[in-house]
Every structure is written in C-alpha cells, then in structure tokens.
Asks: 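The structure under discussion is supplied below as structure tokens; questions concerning it will follow.
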Amino acid sequence: MPIAAVKPKFNPKLKTTHFAVLYLIVLILAILLFPVAFGPRLFLSSLPFASFITRRTMSSSSPAYSQELYIAQLAVQRASILTKRVFHEKAKGTVDKNDKSPVTIGDFGAQALIIAALRHNFPDDAIVAEEEAAQLRTDENLKNTIWDLVRSTKLDDAASEQALGGAIKDADEMLDLIDRGNSPGGNQGRIWAIDPIDGTKGFLRGGQYAVCLGLMVDGDVKVGVLGCPNLPVDDKAPLTADIGSNQTDEGHGVLFSAVLGQGATSRPLTAVASSEGRAISMRSIPSDSLADATFCESVEAGHSAHGDQASIAQKLGITKPSVRMDSQAKYGSIARGAGDIYLRLPVKATYQEKIWDHAAGDLIVREAGGQVTDIHGNRLDFGIGRTLANNKGVIAAPAASHAKVLAAVQEVLNAKQ
Ligand SMILES: Nc1ncnc2c1ncn2[C@@H]1O[C@H](COP(=O)(O)O)[C@@H](O)[C@H]1OP(=O)(O)O
Ligand SMILES: [Mg+2]
Ligand SMILES: [Mg+2]
Ligand SMILES: [Mg+2]
C-alpha cells in the first residue's frame, strides 16, 4: 500500500491545537506560581521599574519601616567609618561653635554622608541635623579637608554603597547637603533627626560617642539607630566608666537599632551590610530593691547635675558608684542590660535638650522594655521643633522601676526648692 494512502491515526491539526492549549496552561501556571516559589521580592525585582515597585508595593508584606531601617543602619555605619578615620588619621580640626561647644571635621563629614544617603532614598523627607555649613563656606582649607574625607569614605561592599546613592558630586554639593538639615521640625510628616557625633567631647577624649539617626512620623519616633564605635561589641560586657581610654578598635563598635513595635537589636558595627541583629532587652531588676542597679550619667558636670543624681541614687538604695560616659551610648548600654538607669537632671533651667540628642535612644530604650520621661513624668515630646522645649531632664529606667525612680527624682528636686 502506498504510503500516501495510509489513513492518519489522528488529525494533525487537532494535535497542534492541543499542544498550543497545553503550552498556554503551563505558561499561565508558571507565571502564577513563580512568586510563590521564588518570593515576591525576587519576582517584582525582575520587572521594569523594579525598585519603585518593590519600595511602594512590598511595604504591605515587609515589616513596617524595613527600608528606612536598612538605609539608616547603612548610613550610620558609613558615617561611623568616617569618624573613626578622623580619630585615627587626622588632627580633629576642632572649631568652637557659637554656644562654645566643640565641633570637628568628623561632625561635618558624618552629617554630609548621612544626609546624602537620606536624600537619595527619601527625597521628600525633612531633616533636622545638628550642624550647619556656614563656617566651611568661609574657610577653604577646612572645607577641602572635610571633602577629602567625605569623598574617600565608603562601605566595603559595592551594593550597600550603591544603596546609599554612591559618591557626593563635589565639595559644594557636600556643603549644600550639610545645610539640608535645617528643618524646623514639628509634628507633621516624616522628619529625620541626625546627631553626626553625639558627645563630641567624648570623641575628642577617645571615650564614648555615638552617631545618631532617628525617623519621626507626625512627631512620633518610628526608627532609631545608634552607632557606638567605642562600646564593646559584647552585650554582656560589664559597664565601665569611660572618660577616654583611647582603646583599640578590636572588640569594639556596636550598632543599636529599633523600630516602633518591633523591639530593639544590637549587632557589631561593621563596614558591610549584615543580617538581623540580636534582640536586646533591659535587665529586670526588682523595683523594691534597686541596690544592685547601675546608673549612668554624663561625664560633663555641665550637662547633667551630678550632685542631684548622687542624692537620688542614695535615696533608691543604689550602692554602686555611677558609671559616667558621654553620649547616647548611655541609652544603648541600659537597653542591652549593661546598666539599668540613665539620669540626666537639668543643670540650668534655661537649657533645652535637642531632639537629635534623644530621638534614637528614647525609642531603643522603650523597645527594650524601658520607660523614658522627663523629671515631671512626661514622655519626651519630639514634635514641637528642634528642641524638647516641653520637657526638662531625662529619666530612663526599666518600665517596672520607672515610677519608683521618678518619685525619688521628684523628692530630691522638691527638697531643693
Ligand atoms: N549645657 C548642656 N546641657 C546639656 N547637654 C548639653 C549641654 N551642652 C551640650 N550638650 C549636649 O549634651 C550631649 C552630650 O551629653 P553627654 O554629656 O551625656 O554626653 C551632647 O549632645 C552635647 O552636644 P554635642 O552633640 O555637641 O556633643
Ligand atoms: Mg555638638
Ligand atoms: Mg549631641
Ligand atoms: Mg553632636
């Protein structure tokens, strides 16, 4: 029988249609299952306008403020590298400000780097930062020294550096960035608070200092990050007075972070992106017996009232001497249970605490199980401008003991009147 005469067993046209339908079903299934199999972030990142889509649409499935936390941590890490370079490599370039407090090339450089990262990632956000560039605009040498540091300070991994927006264009852009921190603050919208070096006196002594960044939304602190290059990495290390030991970097450098409602963490302060930190919490001390409590205070007698604080400690039955250290490292230290209580009683009735000196620390302590108020028992009010004009002094303690500490503070202060 001729081949042409053989009757086909099935219709080839029908077969092609079957295959086409089957192919379509498999394709649709693959598209539907891809996000489940490989994760929504990977799926979205493969689409055009990926970064826009991931930032805007993934916020519903990622924990709140995860992008802000990620950028804030990297920005603080990078700025901390700059401050350490200033300490080890350079003359500090101390300049006196109008209020007679010192500022160094490290303060200006760290502020420029942090603001550059924030402007790149959150261009619509307002910024309240401690320093301004006026002095640098009239001092070419100072400007160039800082520019030299800023343009050559980078994180170790290229991806993280890129996430922060990479290099600043030139020295003039650096000055403009520094001046972007001039927001008046307030209780509307998103405002970042920056202290590029908190505890400048501690920094100059080789003691404690902190690179501080907080995000407030409608006056409420949502994200707080503190880089403390001279604190021990070990959360369990005993708290020791630190008035400036010029310690080596070995075993030192810790990054504290918190997001409102998500707890507080610590992790080593490195030059690369890192996975999540360790959860930290305040020590639980029996509120009826604070004999074993450790309390922290400023090194500077001009910043908090050492005499009043000693009387309060005595009233509470605290037997150990206070641990004196500079900067918001005190907030981080009590948050991880290395100390228990931080007292900052006013020296002068007229001094207004600045929001950048407390925003990150306040959140980190509260997320670690603490309570932070002023001497009247009011929560710190970050929503009325660049200062805490509604508050006087700071009392930070484990939540269960705070009322008792506050009562002792008020007894001592009332007895003085
Ligand atoms: N008269 C003052 N009273 C309280 N705090 C002050 C005073 N002058 C400066 N500060 C700020 O106190 C903080 C240091 O506190 P501490 O003594 O606990 O380390 C710093 O932010 C410092 O500013 P700066 O950021 O310029 O160093
Ligand atoms: Mg200062
Ligand atoms: Mg400060
Ligand atoms: Mg400062």
Asks: Salt bridge or not between D195 and K354? Use side-chain N to carboxylate O under 4.0 Å.
Replies: no
Asks: Could R78 and D156 be called an ion pair, given the rule that one side-chain N must be under 4.0 Å from one carboxylate O?
Replies: no
Asks: Donor-acceptor check, side chain of E367 to backbone of G261, threshold 3.5 angstrom: yes or no?
Replies: yes
Asks: Is there side-chain contact between V225 and F256, with heavy atoms separated by less than 4.5 Å?
Replies: no
Asks: Supply the atom-to-atom distance L177 CG to H120 NE2, rounded to the nearest 0.5 angstrom.
Replies: 12.5 Å
Asks: Taking it one step at a time, do I375 and L413 satisfy side-chain contact (heavy atoms from CB on, under 4.5 Å)?
Replies: CA-CA 9 Å; I375 55 171; L413 294 183; 3.7 Å; yes
Asks: With side chains defined as the heavy atoms from C-beta onward, is the minimum distance between L175 and R137 less than 4.5 Å?
Replies: yes
Asks: Charged N to carboxylate O below 4.0 Å: is that the case for E411 and K315?
Replies: yes
Asks: For the pair S289 (side chain) and P286 (backbone), establish whether a donor and an acceptor sit closer than 3.5 Å, ignoring hydrogens and angles.
Replies: no
Asks: Measure across S80 and V211 and return the closest heavy-atom pair with its distance rounded to 0.1 Å.
Replies: OG-CG2, 3.7 Å
Asks: Run the side chain to side chain donor-acceptor pair (under 3.5 Å) check on T145 and D148 step by step: do they pass?
Replies: CA-CA 5 Å; T145 311; D148 197 37; over 6 Å; no
Asks: Quick check against the 3.5 Å criterion: does T153 have a side-chain atom that pairs as donor or acceptor with the backbone of V150?
Replies: no
Asks: Less than 6.0 angstrom from the centroid, inside 45 degrees of the normal: does R190 satisfy that with respect to the ring of F122?
Replies: yes
Asks: Do you see a donor-acceptor pair shorter than 3.5 Å between the side chains of Q309 and S322?
Replies: no
Asks: Please report the shortest heavy-atom distance between V347 and S304, naming the atom on each side.
Replies: CG2-C, 3.4 Å
Asks: Taking R324 first and then E297, would you say they form a salt bridge - that is, a charged N and a carboxylate O separated by under 4.0 Å?
Replies: yes
Asks: Give a yes-or-no answer on whether the side chains of Q328 and H358 include a donor-acceptor pair shorter than 3.5 Å.
Replies: no
Asks: How many angstroms lie between CG in L74 and CG in L113, if you round to the nearest 0.5 Å?
Replies: 12.5 Å
Asks: Establish, from distance only, whether the side-chain atoms of R85 and S152 form a donor-acceptor pair under 3.5 Å.
Replies: yes
Asks: Does the E131 side chain pair with the main chain of F108, one donor and one acceptor, at a distance under 3.5 Å?
Replies: no
Asks: Walk me through whether H402 and I395 qualify under side-chain contact (heavy atoms from CB on, under 4.5 Å).
Replies: CA-CA 8 Å; H402 187 276; I395 300 159; 3.8 Å; yes
Asks: Could you check whether any side-chain N or O of K320 sits under 3.5 Å from a backbone N or O of A293, counting only pairs where one atom can act as donor and the other as acceptor?
Replies: no
Asks: Start with the C-alpha gap between D340 and I334, add the side-chain angles, then the distance that decides, and say whether side-chain contact (heavy atoms from CB on, under 4.5 Å) holds.
Replies: CA-CA 5 Å; D340 302 295; I334 65 168; 5.6 Å; no
Asks: State, to 0.1 Å, how close A210 and L226 come at their nearest heavy-atom pair, and which atoms those are.
Replies: CB-CD2, 4.5 Å
Asks: Between K84 and E89, is the closest basic N to carboxylate O distance under 4.0 Å?
Replies: no
Asks: Side chains of T294 and I341: closer than 4.5 Å at any heavy-atom pair?
Replies: no
Asks: Checking the side chain of N121 only, and the main-chain atoms of A117 only, is there a donor and an acceptor separated by less than 3.5 Å?
Replies: yes
Asks: Supply the atom-to-atom distance C228 SG to L255 CG, rounded to the nearest 0.5 angstrom.
Replies: 8.5 Å
Asks: Please tell me if the side chains of I168 and R151 come closer than 4.5 Å, counting only heavy atoms from C-beta onward.
Replies: no
Asks: Say whether D235 and S266, considering side chains only, have a donor N or O and an acceptor N or O under 3.5 Å apart.
Replies: yes
Asks: Check E353 with K392, please: is the shortest side-chain N to carboxylate O separation under 4.0 Å?
Replies: no
Asks: Please tell me if the side chains of V217 and Y65 come closer than 4.5 Å, counting only heavy atoms from C-beta onward.
Replies: yes
Asks: Just by distance, do the side chain of Q371 and the backbone of A399 share a donor-acceptor pair under 3.5 Å?
Replies: no
Asks: To the nearest 0.5 Å, what is the distance between CG (L213) and CD1 (I194)?
Replies: 6.0 Å
Asks: Counting distance only, does the side-chain N/O of R386 pair as donor-acceptor with the main-chain N or O of S183 below 3.5 Å?
Replies: yes
Asks: Less than 4.5 Å apart, side chain to side chain, heavy atoms only: is that true for S401 and M282?
Replies: no
Asks: Pair D326, S298 - check side chain to side chain donor-acceptor pair (under 3.5 Å), show working.
Replies: CA-CA 5 Å; D326 298 284; S298 299; over 6 Å; no
Asks: Could you state the interatomic distance from CG (D125) to CG (L118), rounded to the nearest 0.5 Å?
Replies: 7.5 Å
Asks: Check the pair K201, H303 against side-chain contact (heavy atoms from CB on, under 4.5 Å), reporting the backbone distance first and the verdict last.
Replies: CA-CA 11 Å; K201 288 181 178 167; H303 294 178; 4.3 Å; yes
Asks: D362 versus R366: any side-chain heavy-atom pair under 4.5 Å?
Replies: yes
Asks: Can you measure from CZ (R336) to OG1 (T265) and round to the nearest 0.5 angstrom?
Replies: 12.0 Å
Asks: So does R283 have more than 12 non-hydrogen atoms from other groups sitting under 6.0 Å from CZ?
Replies: yes
Asks: Check for me whether the distance between the ring centres of Y331 and Y342 falls short of 6.0 Å.
Replies: yes
Asks: Is any side-chain heavy atom of T387 closer than 4.5 Å to a side-chain heavy atom of I355?
Replies: no
Asks: Give the minimum heavy-atom separation between I71 and A163, together with the two atoms involved.
Replies: CD1-O, 3.8 Å
Asks: Do E130 side-chain atoms and P196 backbone N/O form a donor-acceptor pair below 3.5 Å?
Replies: no
Asks: Would you say the side chains of T83 and Y209 form a donor-acceptor pair under 3.5 Å?
Replies: yes
Asks: Minimum heavy-atom separation for R180 to I115, with atom names?
Replies: CB-CG2, 3.8 Å
Asks: Among T373, D374, D381, N378, find the one that has a side-chain hydrogen bond (donor to acceptor under 3.5 Å, both in side chains) with N391.
Replies: D374
Asks: Count the heavy atoms of every other residue, nucleotide or ligand shown that sit under 6.0 Å from CD of E173, and state whether that count exceeds 12.
Replies: yes
Asks: If we count only N and O atoms by modelled type, under 3.5 Å, do the side chains of D308 and S311 hold a donor and an acceptor together?
Replies: no
Asks: Give the minimum heavy-atom separation between V365 and A396, together with the two atoms involved.
Replies: CG1-CB, 4.4 Å
Asks: Check whether E161 reaches the backbone of L155 with its side chain - one donor and one acceptor, N or O, closer than 3.5 Å.
Replies: yes
